[in-house]
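Read the structure below first, then the notes.
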Amino acid sequence: MNSKGNNQWTGMCENMIKRQDSSKKKHRSWWNLSDTLFFLGVLTLIIIQFLFFRPVKVSGVSMMPTLEDEDLVTTSYVGDVERFDIVTFLPQGVEDHYIKRVVGLPGETIYYQNDQLFINGQLVEEPYLTSSKAELRAGESLTADFHYGDAERLYVIPANHYFVLGDNRQHSTDSRKIGPVERDKTFRIMNYRLLPFEKLGVVD
């Protein structure tokens, strides 16, 4: 093979090597990008979980039969609070979070009479209590007569405050004792039940 042929052959080999090197670099660059995106995705999920969704373990019987002791639920800062939402909060001077149901909203009056809820003087049904009321003895009330107010008038629930009750009305420390609860940094809306697995999902 002459000198010209040798030069051509050498050039072809060098070009092949360069293409292979370039391909390897692109391959390594692709995997580096994939690893970075995966890491950022995991980090984002952790941040979202910490800032917006947080697990809370139910302690006690105040929300039975809806929620039972040791149930694990997820909660979130985000969202508007609606009547009958289940929420968690940390009252002053208490170490464990309370978990209750929102019954009264800001700007409303509330009272119970003959085991029935009245908001702004209007009867409001509580379907989540149907099974509990069915187990009562004749003449027994699940929720004793109560009004948020004094002997002369009903109070209006303050702005950014919510009147909350446990579903297990006869065994619950709630707004009947501690008053309306402020939506502060400890106040969260319950989203889903995680445990036990057989009850996984949305809770009404």
Side-chain angles (χ1 to χ4, degrees), residues 52-69 71 73-136 140-193 202-204:
F52 300 108
F53 298 94
R54 184 171 296 177
V56 172
K57 180 175 286 189
V58 177
S59 177
V61 299
S62 71
M63 281 298 294
M64 288 182 64
T66 307
L67 296 172
E68 299 189 9
D69 189 36
D71 281 3
V73 301
T74 62
T75 61
S76 170
Y77 282 128
V78 180
D80 296 329
V81 181
E82 299 180 357
R83 193 183 322 279
F84 302 148
D85 280 350
I86 298 175
V87 299
T88 67
F89 57 94
L90 188 63
Q92 291 185 352
V94 176
E95 294 183 358
D96 293 330
H97 282 77
Y98 281 18
I99 183 163
K100 308 293 178 183
R101 189 184 294 274
V102 172
V103 178
L105 303 175
E108 296 180 338
T109 62
I110 180 172
Y111 68 89
Y112 276 87
Q113 185 175 353
N114 298 326
D115 214 2
Q116 293 180 308
L117 168 64
F118 291 85
I119 299 292
N120 294 335
Q122 301 296 314
L123 175 65
V124 176
E125 299 292 340
E126 297 181 277
Y128 52 88
L129 297 179
T130 301
S131 61
S132 296
K133 288 184 176 182
E135 297 177 359
L136 296 173
E140 184 181 11
S141 293
L142 183 66
T143 309
D145 286 357
F146 168 87
H147 68 277
Y148 174 55
D150 57 28
E152 297 181 354
R153 63 186 177 90
L154 294 173
Y155 296 156
V156 174
I157 300 171
N160 202 42
H161 286 68
Y162 299 87
F163 202 92
V164 299
L165 299 176
D167 287 0
N168 190 359
R169 298 291 167 79
Q170 297 172 334
H171 302 280
S172 175
T173 300
D174 46 43
S175 287
R176 291 172 292 182
K177 182 176 181 179
I178 65 176
V181 176
E182 182 180 8
R183 186 173 186 179
D184 59 9
K185 63 182 180 180
T186 72
F187 191 101
R188 290 173 171 269
I189 304 170
M190 198 195 86
N191 309 111
Y192 303 98
R193 175 165 34 203
V202 177
V203 178
D204 296 324

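Side-chain atoms are counted along with the backbone in the values below, which use heavy atoms only and exclude waters and symmetry mates. We count residues from 1, following the sequence as given. Here the structure is a predicted model, which means the values were calculated and not measured.
- Scanning all heavy atoms of the two residues, the minimum distance from L123 to Q116 falls at CD1-CB, 3.6 Å.
- Residues Y162 and F89 place their aromatic rings such that the two centres sit no closer than 6.0 Å.
- At distances below 3.5 Å, at least one donor-acceptor pair connects side-chain atoms of D115 with backbone N or O atoms of L142.
- Between Y112 and R169, the side chains place a donor N or O and an acceptor N or O closer than 3.5 Å (distance only, hydrogens not considered).
- Separating the CG atom in D71 from the NZ atom in K57 is a distance of 10.0 Å, to the nearest 0.5 Å.
- Ring orientation note: the planes of Y111 and F118 are close to parallel, at an angle under 30° on the 30°/60° scale.
- Scanning both residues, P106 and P158, for their nearest heavy atoms gives CB-O, 3.5 Å.
- Distance check, rounded to the nearest 0.5 Å: CZ of R188 to CZ of R183 gives 10.5 Å.
- Counting non-hydrogen atoms of other residues, nucleotides and ligands closer than 6.0 Å to NZ of K133 gives a total above 12.
- Between the CD1 atom in I157 and the CZ atom in F163 there is a gap of 6.5 Å [rounded to 0.5 Å].
- In this structure, a donor-acceptor pair under 3.5 Å is present between the side chains of D167 and T66.
- In the displayed structure, E140 atom CD is contacted under 6.0 Å by more than 12 heavy atoms of other residues, nucleotides or ligands.
- Across every non-hydrogen atom of D80 and I189, the tightest pair is O-CD1, 3.8 Å.
- From L105, atom CG reaches atom CG of N160 across 12.0 Å, with rounding to the nearest 0.5 Å.
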For L67 and M190, run side chain to side chain contact (heavy atoms under 4.5 Å, CB included): C-alpha distance rounded to whole Å, both residues' side-chain angles, the deciding distance at 0.1 Å, then the answer.
CA-CA 11 Å; L67 296 172; M190 198 195 86; 3.8 Å; yes
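- Under the 3.5 Å distance criterion, the side-chain polar atoms of K100 are left unmatched by any main-chain donor or acceptor of S175.
- Interatomic distance, T143 OG1 to L129 CG, rounded to the nearest 0.5 Å: 6.0 Å.
- To the nearest 0.5 Å, atoms CD (E95) and OG (S59) are separated by 11.5 Å.
- Other residues, nucleotides and ligands contribute at most 12 non-hydrogen atoms within 6.0 Å of the OH atom of Y192.
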Criterion side chain to side chain contact (heavy atoms under 4.5 Å, CB included) on E108 and R83, from CA distance to verdict:
CA-CA 11 Å; E108 296 180 338; R83 193 183 322 279; 2.7 Å; yes
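- Listed for the R193 side chain is no donor-acceptor partner under 3.5 Å among the backbone atoms of V73.
- The side chain to side chain contact (heavy atoms under 4.5 Å, CB included) test with F187 is passed by exactly one of T88, L90, V81: V81.
- Of the residues listed (D174, I178, T173), the one engaging R176 in a side chain to side chain contact (heavy atoms under 4.5 Å, CB included) is D174, and it is the only one.
- Using a distance-only test at 3.5 Å, with no hydrogens or angles considered, no donor-acceptor pair links the side chain of N168 to the main chain of M64.
- In terms of modelled atom types and a separation under 3.5 Å, the side chain of N120 and the main chain of Q122 share no donor-acceptor contact.
- Between the R101 side chain and the L165 main chain, no donor and acceptor come within less than 3.5 Å of each other.
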